[in-house]
Asker: 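Dropping a structure here in structure tokens format, bear with me for questions.
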Amino acid sequence: MWIAMSRFAAMMRGSVAVVVAIGAPLTTEPEISPYWLGLALTAFCAWTAVYVRSCWTRGLTAGVIAVDIALVCTLCLLIRHLVPPEMIPGGTGWVSAVASLTAICAQLAGRPPVSVPVGLLVPAAYLIGARLAESADGGVPHTITLAIQTLVAAAAMLVATRTGVAASHAFTALQREERQAEIETAERADALTQLRLVHNGPLTTLTMVLHTETDVPTPTLRRHAAANLAELPRLAAARDGQAPDARLDERLAQVVVWYEPQLRVTATTHPCLVPDLVADSFGAAVRECLENVVRHAGVADARLTLAEEHGEVAVTVADQGAGFTPALVPASKFGLRGAVIGAMEETGGGAAVISAPGLGTRVELRWPRE
């Protein structure tokens, strides 16, 4: 904001200098010495060049304001040599215009405790200069105008500065809240991922152990445990971005094998290459679907279909079992929401669950390639 205001002051000063350099000689009278006027205009225009360059590149510094006030106060004190007597009353001369601009621009630095007292030197110098010039109105009206301009400009800058500071603090707080929200979202996503891995792997295997009626691990249980162990290094590689693309059909076939012979799965697939993380999502979702068939559907048969069309990979798991009402599944149940829908959404896909009591269940998993 300070740089913007400094450049605004530079543009105003430059514009006024051009007008003064052209207009002042045209409005002069015989009693005005060309020597005094020429010297004043030369000094004013030369300083304006320095003023504009400094404000534009380094901002409206205290040194620039001090020199500017000193120069303009000098012009005000010498007003009787620079402006015709009839133009001094009412502040219609070029020195009055420059004095107004200087008093206002001094406040754009945004330091009222310093800029206001310094700025009030301009109306004081103008009043003295008008008295020395024996102005008809004694210079009082324009002196009051200059003082009001100084105070109003200072008040406006004070409000703008405080508003800017408040806005800056609000923006900083908003950014902090957004960063915190992003961190919390990432933490929740990571927690869900870890929960999904535990739910779909070790937790499923432990559930099978609890439901085993013999002391000797079954072949299915052995396959599940071996798969859990083999999956750990592959998941680590995938999270590090080192894993190559995977054959989704082979990944699904591996999941199907885990549930034989207790579940007969009729699989219709074709070679399909997808990113390894996407294959993980499909595999986790299908594993949860088949686990639900085993535990809840009350049937020993299921169908698995893998297809791809219009740039979308689709996997369907269906059974003719007991079915259920998806809308009535408690929010606390992680299976469908976390291990199926959540697993697919994590990699940009989606899932739909179609079921009704007595009509079986159909789960559609989809992942768009683009």
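Everything numeric here is computed off the predicted structure, so don't read it as measured data.
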Asker: Is there side-chain contact between Arg251 and Val286, with at least one heavy-atom pair below 4.5 Å?
Answerer: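 Side-chain contact under 4.5 Å: no.
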
Asker: Show the numbers, then the answer: is there a side-chain contact (heavy atoms from CB on, under 4.5 Å) between Gln320 and Asp301?
Answerer: CA-CA 8 Å; Gln320 297 298 320; Asp301 296 280; over 6 Å; no

Asker: If we only count heavy atoms from C-beta on, is the Val72 to Leu121 side-chain gap below 4.5 Å?
Answerer: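 The answer is no, as the side chains (C-beta and beyond) never meet within the 4.5 Å cut-off.
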
Asker: Any side-chain heavy atom of Ile144 sitting closer than 4.5 Å to one from Ile148?
Answerer: yes

Asker: Taking only residues two or more places apart in sequence, or in another chain, which ones meet Val313 in a side chain to side chain contact (heavy atoms under 4.5 Å, CB included)?
Answerer: Leu248, Cys272, Val274, Phe282, Leu306, Glu308, Trp367, Arg369

Asker: With no hydrogens and no angle check, is any side-chain donor or acceptor of Thr325 less than 3.5 Å from a backbone partner on Ala356?
Answerer: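 Such a contact is absent between Thr325 side chain and Ala356 backbone.
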
Asker: Would you check if Val64 and Ser6 make a side-chain contact, meaning some heavy-atom pair closer than 4.5 Å?
Answerer: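 No, too far: nothing below the 4.5 Å cut-off.
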
Asker: Would you say that Thr268 contacts Arg303 through its side chain, given a criterion of any heavy-atom pair below 4.5 Å between the two side chains?
Answerer: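 Heavy-atom side-chain distance check fails, nothing below 4.5 Å.
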
Asker: Taking the side chain as everything from C-beta on, heavy atoms only, tell me whether Gln107 gets closer than 4.5 Å to Val116.
Answerer: yes

Asker: Look up atom CG in Leu359 and atom CZ in Phe324, then write down how far apart they are to the nearest 0.5 Å.
Answerer: 12.0 Å

Asker: Between Thr102 and Arg13, does a side chain to side chain donor-acceptor pair (under 3.5 Å) hold up when you go through it step by step?
Answerer: CA-CA 8 Å; Thr102 300; Arg13 171 53 66 87; 3.0 Å; yes

Asker: For His142 together with Tyr126, are the ring centres under 6.0 Å from each other?
Answerer: yes

Asker: Which distance, rounded to the nearest 0.5 Å, do you find between the OG1 of Thr316 and the CD1 of Ile354?
Answerer: 8.5 Å

Asker: Rounded to the nearest 0.5 Å, how far apart are CG of Leu41 and CG of Leu82?
Answerer: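 Between Leu41 CG and Leu82 CG, I get 8.0 Å after rounding to 0.5 Å.
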
Asker: Counting neighbours of CD on Glu250 that are heavy atoms of other residues, nucleotides or ligands and sit closer than 6.0 Å, is the number greater than 12?
Answerer: yes

Asker: Kindly indicate whether the side chain of Trp258, heavy atoms from C-beta on, has any atom under 4.5 Å from the side chain of Val265.
Answerer: no

Asker: When rounded to the nearest 0.5 angstrom, what distance separates SG in Cys105 from CZ in Phe8?
Answerer: 7.5 Å

